[in-house]
Amino acid sequence: MSEEGKVTGMRLAIMQGESAVLDTAANLATIREAARQASDGGAQLLITPELFPVGYAPRPVRAGLDPALLPGLAHDLAEIARSAGIALLASLPEVEPAAPGLDPAADRWYISATLFGPDGARLSHYRKVHLFGAEEQEVFTPGDQPAAVVDYQGLRLGTVICYDVEFPETVRAAALRGVDVLMVPTALGSGYSQVPQRLIPTRAMENHLYLAYVNHTGVEAGFHLSGGSVVADPFGRTLAEADEDAAVLFVEVDPGQLATARADVPYLDERRPDLYRSWLS
């Protein structure tokens, strides 16, 4: 914020990298270094990929991760944010234990993402709603809440995860709640490059928001992840795009661009939801 109270924007960073499945110490070290780079580069926010601290490997993670470790991992992530002095979006499994006396196999596992503030406080929390493919659907339980939304440094930040962004209803619901920057940690496999290259800019344009889609790269438990992380602006322009290598990329979020895009073609204001409902009845 400026001295006059006007929103002056935000510098955000995205981290693309290769996670080591179940090697949480190595993965936290990767996030810690990215947070240092982001802070040194003047960013106020760092976004990391889906399930990065444990690796994207649903079955091995479910079989090999002790849920008792998760609070400690969340504490470590909060400490990374605090030490770097920036906000940090990180994704972890979340486990709801079964009732006493039941088999631990009845525990409910979710894919979640938490935004930690620069003081380490938890600012928002989200559970993935749309689970992709047989392996995710076997291991995890879907969430049922809309994008997590929080006001931070004069901007409204929203969070969904990976496959969620491929459903237009998910992003439109976030836009209608005033989201300026939609953060999407993801684990996109090879063969789906149309998502970051085409769908993400379209989602950003049709909802007049910044959209940061942040992927893994490399191979995790035999699964080839495609990289290609991207940030698009509210006009659908690509502001930053990674190749297949590990990277920390920076983007400036400009509230003026949000206002101009929303005034230029007011998609949200000129919707006719009553008519659309009648079409579906």
Notebook entry, point to check: Could you walk me through whether L65 and W109 pass the side-chain contact (heavy atoms from CB on, under 4.5 Å) check?
Noted result: CA-CA 11 Å; L65 179 67; W109 288 57; 4.2 Å; yes

Margin query: Please evaluate residues V54 and T24 with respect to the criterion side-chain contact (heavy atoms from CB on, under 4.5 Å), reporting the C-alpha separation (whole Å), side-chain torsions for both, the decisive distance (0.1 Å), and the verdict.
Written below: CA-CA 6 Å; V54 298; T24 56; 4.2 Å; yes

Next item on the list: Just do the side-chain contact (heavy atoms from CB on, under 4.5 Å) check on I200 and V184 with the steps written out, would you?
Entry: CA-CA 10 Å; I200 295 304; V184 188; 5.8 Å; no

Check: side-chain contact (heavy atoms from CB on, under 4.5 Å) between T170 and V165: does it pass, once the steps are laid out?
Finding: CA-CA 6 Å; T170 305; V165 80; over 6 Å; no

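The minimum heavy-atom distance between L188 and P196, with the atom names listed, is CD2-CD, 3.6 Å. Of all heavy-atom pairs spanning A34 and L46, the tightest one is C-CD2, 3.9 Å. The heavy-atom pair separating M15 from T48 by the smallest distance is SD-CG2, 4.1 Å. Here the closest non-hydrogen pair linking A13 and A43 is CB-CB, 3.9 Å. Here the shortest heavy-atom pairing between V179 and G158 reads CG1-N, 3.8 Å. Taking both residues in full, the closest heavy atoms of G191 and Q194 are given as O-OE1, 3.7 Å, listed atom of the first, atom of the second, then distance.
Counting only residues at least two apart or on different chains, no ring-ring contact (aromatic ring centres under 6.0 Å, His included) pair has a member in residues 72-101. Residue pairs meeting the salt bridge (Lys or Arg N to Asp or Glu O under 4.0 Å) criterion with at least one partner in residues 151-162, sequence neighbours excluded, are D151-R156. Pairs engaging residues 27-42 under the side-chain hydrogen bond (donor to acceptor under 3.5 Å, both in side chains) rule: S19-N27, E33-R36, E33-Q37, R36-D40 [sequence neighbours left out]. Residue pairs that meet the ring-ring contact (aromatic ring centres under 6.0 Å, His included) test with at least one member in residues 221-275, sequence neighbours left out, are Y56-F223, H208-Y267. Note on residues 11-45: no pairs pass ring-ring contact (aromatic ring centres under 6.0 Å, His included), not counting sequence neighbours. Residue pairs that meet the salt bridge (Lys or Arg N to Asp or Glu O under 4.0 Å) test with at least one member in residues 206-220, sequence neighbours left out, are R203-E206.
V251 and I86 fall into different hydrophobic clusters, where Ile, Leu, Val, Met, Phe, Trp and Tyr are joined by side-chain heavy atoms under 4.5 Å apart, directly or via other members. Under the 4.5 Å side-chain contact rule for hydrophobic residues, M10 and L209 do not share a cluster. Connection of V150 to V171 is not established within any shared hydrophobic cluster, with ILVMFWY side chains joined at heavy-atom distances below 4.5 Å, either directly or through further cluster members. Transitive grouping of hydrophobic side chains (ILVMFWY, heavy atoms separated by less than 4.5 Å) keeps V219 and Y192 in distinct clusters. Under the 4.5 Å side-chain contact rule for hydrophobic residues, I14 and I161 do not share a cluster.
For T159, there are no side-chain hydrogen bond (donor to acceptor under 3.5 Å, both in side chains) partners at least two apart in sequence or on another chain. For P266, the side-chain contact (heavy atoms from CB on, under 4.5 Å) partners at least two apart in sequence or on another chain are D269, E270. Every residue two or more places apart in sequence or in another chain that forms a side-chain contact (heavy atoms from CB on, under 4.5 Å) with A247 is listed here: L249.
Remark: E169 does not engage R172 in a salt bridge, criterion side-chain N to carboxylate O under 4.0 Å. Electrostatic pairing of D180 and R262 counts as a salt bridge here, judged by a charged N lying under 4.0 Å from a carboxylate O.
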Tell me which donor-acceptor pairs under 3.5 Å the side chains of residues 110-118 have, and how far apart each pair is, sequence neighbours excluded?
residue : atom : partner : partner atom : Å
S112    : OG   : L92     : O            : 2.8
T114    : OG1  : H125    : ND1          : 2.7

Distance-only donor-acceptor hits, side chain of residues 252-259, under 3.5 Å, sequence neighbours excluded:
residue : atom : partner : partner atom : Å
E252    : OE2  : R11     : NH1          : 2.4
D254    : OD1  : G256    : N            : 2.8
Q257    : OE1  : R237    : NH2          : 2.7

Indicate every side-chain donor-acceptor pair of residues 127-135 with a distance under 3.5 Å to a residue at least two apart or in another chain.
residue : atom : partner : partner atom : Å
R127    : NE   : E94     : OE1          : 3.0
R127    : NH1  : E96     : OE2          : 3.3
R127    : NH2  : E94     : OE2          : 3.0
R127    : NH2  : E96     : OE2          : 2.8
K128    : NZ   : E50     : OE2          : 2.9
K128    : NZ   : E136    : OE1          : 3.0
K128    : NZ   : E136    : OE2          : 3.0
H130    : ND1  : D164    : OD1          : 2.8
E135    : OE2  : R59     : N            : 3.0

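A distance-only check finds no donor-acceptor pair linking the side chain of Q44 to the backbone of A87 [under 3.5 Å]. Under the 3.5 Å distance criterion, the side-chain polar atoms of R108 are left unmatched by any main-chain donor or acceptor of T141. Checked by atom type and distance alone, the side chain of D243 pairs as donor or acceptor with a backbone atom of D245 at under 3.5 Å. A donor-acceptor contact shorter than 3.5 Å is absent between the side chain of D233 and the backbone of Y210. Here the side chain of R177 pairs a donor or acceptor atom with the backbone of A147 at under 3.5 angstrom. With hydrogens and angles ignored, the 3.5 Å screen pairs a side-chain donor or acceptor of S281 with a backbone N or O of S278. Judged by distance alone, the side chain of T217 and the main-chain N or O of S226 form no donor-acceptor pair under 3.5 Å. Judged purely by atom type and a 3.5 angstrom limit, Q16 has no side-chain atom pairing as donor or acceptor with the backbone of V214.
Counting heavy atoms from C-beta outward, M183 and L45 have side chains that approach closer than 4.5 Å. The shortest side-chain heavy-atom distance between L182 and V160 falls under the 4.5 Å cut-off. Residues P49 and N215 have side chains not in contact (no heavy-atom distance under 4.5 Å, counting atoms from C-beta outward). Put simply, the side chain of S229 does not reach to within 4.5 Å of the side chain of Y213, judged on heavy atoms. L28 places a side-chain heavy atom less than 4.5 Å from the side chain of L73. Contact annotation: the side chain of L51 never approaches that of V61 to less than 4.5 Å [non-hydrogen atoms, C-beta and beyond]. Contact annotation: the side chain of Q145 never approaches that of Y126 to less than 4.5 Å [non-hydrogen atoms, C-beta and beyond]. Two residues are said to be in side-chain contact when any heavy atoms from C-beta on lie closer than 4.5 Å; S124 and L157 fail this criterion.
The aromatic rings of F167 and Y163 sit perpendicular, their planes meeting at an angle over 60°, well past the 30° parallel limit.
Here L89 contributes atom CG and I47 contributes atom CD1; the two are 6.0 Å apart, rounded to the nearest 0.5 Å.
By the neighbour-count criterion of 12 heavy atoms within 6.0 Å, atom CZ of R271 is densely surrounded, having more than that number from other residues, nucleotides or ligands.
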